[in-house]
There are 2 protein chains.
Amino acid sequence: MQKYSKQTRLLLAVDCIIFGFDGDTLKILLIKRGFQPEKGNWSLMGGFVQPSESLDQASNRILKQLTGLEGVYLEQLHTFGNTQRDPIERTVSTAYFALIDIHKYETQLSNDYHAEWFPLKRVPKLIFDQQEMVETAKRRIRYKAALHPILFELLPSRFTLPQLQTLYESVFNTTIDKRNFSKRVLATGLLIKLADKDKAGSKRGAYYYQLNMKNYYAKFQAFLNFIPNPDTLLL
Amino acid sequence: MQKYSKQTRLLLAVDCIIFGFDGDTLKILLIKRGFQPEKGNWSLMGGFVQPSESLDQASNRILKQLTGLEGVYLEQLHTFGNTQRDPIERTVSTAYFALIDIHKYETQLSNDYHAEWFPLKRVPKLIFDQQEMVETAKRRIRYKAALHPILFELLPSRFTLPQLQTLYESVFNTTIDKRNFSKRVLATGLLIKLADKDKAGSKRGAYYYQLNMKNYYAKFQAFLNFIPNPDTLLL
DNA sequence: ATTATAAAGTGTATTAAATACACTATTAAA
DNA sequence: TTTAATAGTGTATTTAATACACTTTATAAT
């Protein structure tokens, strides 16, 4: 037996929703599309799946192409398969989302694609059904971050509690009491307090913390509940 | 512009993990594969995505083909895209999982495929990477059911609290105190107590309940936490 | 040198939710 | 009418979540 000869073959793409945090706002990285159709319009970074690579490999390749980063948090989000989503030819696209330390990505590479960071509240019109992909990714990151410590992936390896709290407040668009927040976060055993301080954010300076990687991997799947009253979260 | 002429096209399939509950054990529906390769071996119900249909349409078609059911709970799970997963020709497959009332499906149709229900703990060897698909589906259904009231989709429209509790205990492989369980479940406002009883399960009989559909849709996304200590749940 | 300023850091009392736990009610069958 | 099997219900205890305000520290301004 050679092939499933009677079946139709389709184009398969992957698109990446790349999240970054600048200390204040959660953002996504978009490029100016370099080819037709929709050339010059804002788009997610994506590409066709090659015969030699798995979907995970394809998404990692595309992420690296734009950011220079490897080994970062990258998770399959959803596969979008409406027949009309690409006007040129039917293309099914598997969307992935990445969480990166915004300071680590190589601006040089992004310049090649005329890439720009956009705050989630000011995402421009995107091509095809990518608006829906971004909305799905926003919901997923909120959902998952309410239960699992994924947001650390957006921070540098050393960070302060005020920075972490600002990140959570930004992602969930809420304010949290800092006494309760630090109690909850420290109670997880996920953080190691370091001896030195970040003096950039304030006169007094805030102690740096880093992840206890052993506990991080062990507790990653636990429901951590950093967010007060998550009952109203939408999936 | 006509086509993305230089790109390789791939086969795209969907596979369905169909869950049912017989009052005692959570089960999945498998078929004996009717064509090569792996003809005659146990397999998920699946099929190739046709040019005219979306992925959601394809999965609904395949579910109906095997069970006769439409409009039931069907959710995209994950897309499996390793290059070697199908030995005949590269095929990417998007897995969906369905939750059905086991009593509603048409046994006749299933007979055409030599289908059988298997308890989750006694799933036979499956073709390709379908073992992994089933494991992923088991994790997902547990995860989601710990937070959202999806398990009602497995029950008939009228059910008793003991039946519901047995279902939760079966899915999570645990035992729950019935006083605390009924308190939690009834506190959600999701259930309407009916006047008559199911006399099949006991001499005394247990009151039937049905879903309050308005509250069900309204609270579907809320974190309900029916399961004691979900902190140890694995994603 | 002194003072003002701005953010970091910390503790306790209150409230709400989760848990542990055991007896009574009902009805069919013996 | 007695037995057996499951349904149904309440309370006390423990644990977790929440609300809430002052002190500390270091720089910058006077």
Side-chain angles (χ1 to χ4, degrees), chain A residues 23-24 146-147 149 155 158-170 172 174-210 219 222-233, chain B residues 23-24 146-147 149 155 158-170 172 174-210 219 222-233:
Chain A
D24 180 51
L147 299 165
L155 293 172
R158 290 149 46 90
F159 52 86
T160 66
L161 288 187
Q163 284 168 2
L164 184 65
Q165 181 168 348
T166 303
L167 172 56
Y168 272 90
E169 291 180 336
S170 164
F172 292 98
T174 184
T175 56
I176 308 174
D177 181 276
K178 64 180 171 177
R179 288 163 292 190
N180 294 337
F181 182 77
S182 80
K183 245 184 296 176
R184 269 175 133 130
V185 168
L186 295 175
T188 62
L190 250 44
L191 298 192
I192 299 169
K193 189 176 188 172
L194 301 181
D196 55 335
K197 289 182 167 184
D198 165 46
K199 310 283 283 188
S202 71
K203 293 164 184 170
R204 181 176 175 181
Y207 280 105
Y208 279 117
Y209 287 81
Q210 68 179 30
K219 295 202 176 177
F223 290 172
L224 290 174
N225 205 19
F226 282 165
I227 302 305
N229 298 314
D231 288 9
T232 53
L233 260 187
Chain B
D24 181 51
L147 298 165
L155 292 172
R158 290 149 48 88
F159 52 85
T160 67
L161 287 187
Q163 285 169 0
L164 184 65
Q165 181 168 347
T166 303
L167 171 56
Y168 272 89
E169 291 180 337
S170 164
F172 292 97
T174 184
T175 56
I176 308 174
D177 181 275
K178 63 180 171 177
R179 289 163 292 192
N180 295 338
F181 182 78
S182 79
K183 245 184 298 177
R184 269 175 133 128
V185 168
L186 295 175
T188 62
L190 251 42
L191 298 192
I192 299 169
K193 189 176 188 172
L194 301 181
D196 56 333
K197 290 181 166 184
D198 165 46
K199 310 282 284 188
S202 72
K203 293 164 184 169
R204 180 176 176 181
Y207 281 105
Y208 279 117
Y209 288 81
Q210 68 179 31
K219 295 203 175 177
F223 290 172
L224 290 175
N225 206 19
F226 282 164
I227 303 304
N229 298 314
D231 288 9
T232 53
L233 261 188

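Every chain is numbered from 1, with letters handed out A, B, ... down the list of sequences.
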Check ring pair (Phe, Tyr, Trp, His ring centres under 6.0 Å) between F159(B) and all other residues, then give those that pass, not counting sequence neighbours.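 Testing F159(B) for ring pair (Phe, Tyr, Trp, His ring centres under 6.0 Å), a comparison that skips the adjacent residues, returns F152(B).
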What does nucleotides 22-30 of chain C look like as a protein-contact string, B for base, S for sugar-phosphate only, - for none, at under 4.0 angstrom between heavy atoms? B--BBBB--
Partners of K183(A) by side chain to side chain donor-acceptor pair (under 3.5 Å), sequence neighbours excluded?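 K183(A): side chain to side chain donor-acceptor pair (under 3.5 Å) contacts with N180(A).
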Which residues pass the side chain to side chain donor-acceptor pair (under 3.5 Å) test with E169(A), not counting sequence neighbours?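 Scan of E169(A) (side chain to side chain donor-acceptor pair (under 3.5 Å), adjacent residues dropped) gives Q165(A).
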Heavy-atom pair with the smallest gap, counting every atom of R158(A) and D196(A):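 R158(A) and D196(A) have their closest heavy atoms at NH2-OD2, 2.7 Å.
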How many whole angstroms separate atom [atom1] of [X] from atom [atom2] of [N]?
| X | N | atom1 | atom2 | answer |
| --- | --- | --- | --- | --- |
| L194(B) | dA7(D) | CG | C1' | 16 Å |
| F181(A) | dA7(C) | CZ | P | 18 Å |
| L164(A) | dG9(C) | CG | P | 12 Å |
| Y209(B) | dA7(D) | OH | P | 12 Å |
| D198(A) | dG9(C) | CG | C1' | 15 Å |
| Y207(A) | dA7(C) | OH | C1' | 14 Å |
| Q165(A) | dA7(C) | CD | C1' | 12 Å |
| Q163(B) | dT6(D) | CD | P | 14 Å |

Return the nearest nucleotide to the side chain of [X]; candidates are [options].
| X | options | result |
| --- | --- | --- |
| K183(A) | dT10(C), dG11(C), dC21(C) | dG11(C) |
| R184(B) | dT18(D), dA18(C), dG8(D) | dA18(C) |
| N180(A) | dT18(D), dT10(C), dA20(C) | dT18(D) |

Can you confirm whether [X] sits close enough to [Y] that some side-chain heavy atom of one is under 4.5 Å from a side-chain heavy atom of the other?
| X | Y | value |
| --- | --- | --- |
| T160(B) | Y209(B) | no |
| S170(A) | D24(A) | no |
| L164(B) | L155(B) | yes |
| L190(A) | K219(A) | yes |

Name all pairs fulfilling the salt bridge (charged side-chain N to carboxylate O under 4.0 Å, His left out) condition that reach into residues 197-209 of chain B, sequence neighbours left out, sorted by first residue then second.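 Residue pairs passing salt bridge (charged side-chain N to carboxylate O under 4.0 Å, His left out), neighbours aside: none found.
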Let me check I have this right: for DNA chain D, each base becomes ., (, ), [, ] or |, based on Watson-Crick or G-U pairs with both distances under 3.5 Å. What is the full string? ||||||||||||||||||||||||||||||
